[in-house]
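Residue numbers start at 1 and run along the sequence shown. Numbering of ligands and ligand atoms starts at 1, following listing order.
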Amino acid sequence: MHPFSTRHRIRLVGAGIATSLSPALHEHEAAALGLTDYRYDLIDVAAEGIPVDRSGDALRQAVAAGCTGLNVTHPCKQVVVDSLDEMSGNARLLGAVNTVVVRDGRLIGHNTDHSGFLAALRRGLPDATLGRVVLAGAGGAGSAVAYALAAAGVTDLRVADLDPARAADVCARLAAAFPQTRVTAIPLEAIEANLEHCDGVVNASPIGMVGHPGTPFDTDALHPGLWVADIVYRPLQTELVAAATALGCDVLDGGQMLVAQAADTFALLTGITPDPDRMRRHLGELLADQCAPTVLEESR
Ligand SMILES: NC(=O)C1=CN([C@@H]2O[C@H](COP(=O)(O)OP(=O)(O)OC[C@H]3O[C@@H](n4cnc5c(N)ncnc54)[C@H](O)[C@@H]3O)[C@@H](O)[C@H]2O)C=CC1
Ligand SMILES: O=C1C[C@@](O)(C(=O)O)C[C@@H](O)[C@@H]1O
């Protein structure tokens, strides 16, 4: 029997997600593929007064109420891990989940943030030198980005987080999985000094997203030889992306990763491989509707 149903009730669990473009991206792609019974809705734990440490319960309640698959986002990706029945190898190694597949009532955690970032990096910055790279933010998405950077061949990765224990945890996990990559936790205030001798920098902290204005470090430390990636996509043109673009750096915005991780999640949930080019075009249209100038548009 085919393990995939034709009825899909997908939920995104997270806080402050009202402006997420995932519902539109998923539903548009489903319709284009002829999946007429595909709905993607939000469970905003902040708006619904659900404490973050109970987000795993929210996830199970959603499944009991008929939900057939989930995305999980900030700040729940690590918290929900203990509520799952099973995890993919990558998700277990990362200790973070952004996709939950439901099979016979069992909740199986996956992580498409790492495959999504890797695909985005390869597509958006194909010539990036992958020697020494600084990563700001080691939360749910940051740990996945760190994994992708090590998998891409970065030889010296320096990780900073507001919470130094998180940076140390990601470094410990990666050191075991990627012995060829030197992985070091650095203090937040050391980012600028480290950038001087780096090839690239990635922001995987929420700084720059709607509700978290600013940049994760002083952009005076940027230099034109540096490639700059930001995974924040609301807005696409973060202050960091704007400063790096103005300086002539090679830049990757968060839209590329958004599409790539959504495509990987869609395939896990439906068993059908979506068309990432169509999804990218649709994201461009959604952002144009919001009157946002996009680097994604220019790179199409
Ligand atoms: N483009 C895409 O497809 C994706 C985008 N994102 C975005 O990435 C951001 C982070 O998401 P998650 O990792 O899920 O959140 P999270 O809450 O799990 O982790 C955020 C981490 O950033 C750290 N942090 C906060 N301020 C910082 C600063 N100034 N410098 C360094 N670290 C700092 C926090 O301590 C925490 O460890 C969000 O804006 C989210 O929307 C996340 C996943 C995919
Ligand atoms: O964290 C993110 C971003 C996202 O939550 C969104 O905003 O649409 C969708 C999630 O799948 C992904 O892991």
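The CZ atom of Arg280 lies 13.5 Å from the CD atom of Glu285; values are rounded to the nearest 0.5 Å.
Polar contact with ligand 2: present for Asp113 (N/O pair, distance under 3.5 Å).
Residue-ligand proximity, Val232 to ligand 1, at heavy-atom distances under 4.0 Å covers atoms 39 (O). Under a 4.0 Å criterion applied to the non-hydrogen atoms of Lys77, ligand 1 contributes the atoms 14 (O), 42 (C), 43 (C). Taking every non-hydrogen atom of Tyr233 and a distance limit under 4.0 Å, the qualifying atoms of ligand 1 come out as 1 (N). Using a 4.0 Å cut-off to heavy atoms of Ala204, the atoms of ligand 1 that qualify are 10 (C). Numbered from 1 in the order shown, with element, the atoms of ligand 1 that lie under 4.0 Å from a heavy atom of Leu188 read 30 (N), 31 (C).
Distances shorter than 4.0 angstrom do not occur between any heavy atom of Gly116 and any atom of ligand 1. Assignment of Leu12 to the shell around ligand 2 is supported, since a heavy atom sits closer than 4.0 Å.
Which of Val13, Asn111, Thr73 comes nearest to atom 4 (C) of ligand 2 through a heavy atom is settled by distance: it is Thr73. Nearest to atom 9 (C) of ligand 1 by heavy atom, out of Gly255, Ser22, Ser205, Ala160, is Ser205.
Closest protein heavy atom to atom 12 (C) of ligand 2: Gln261 OE1, 3.6 Å.
Neither the backbone nor the side chain of Ile17 comes within 4.0 Å of ligand 2, counting heavy atoms alone. Proximity of Asp113 to ligand 1, defined as any heavy-atom pair under 4.0 Å, is confined to the side chain (atoms from C-beta onward).
Relative orientation of the Tyr38 and Phe266 rings is parallel, given thresholds of 30° and 60° on the angle between their planes.
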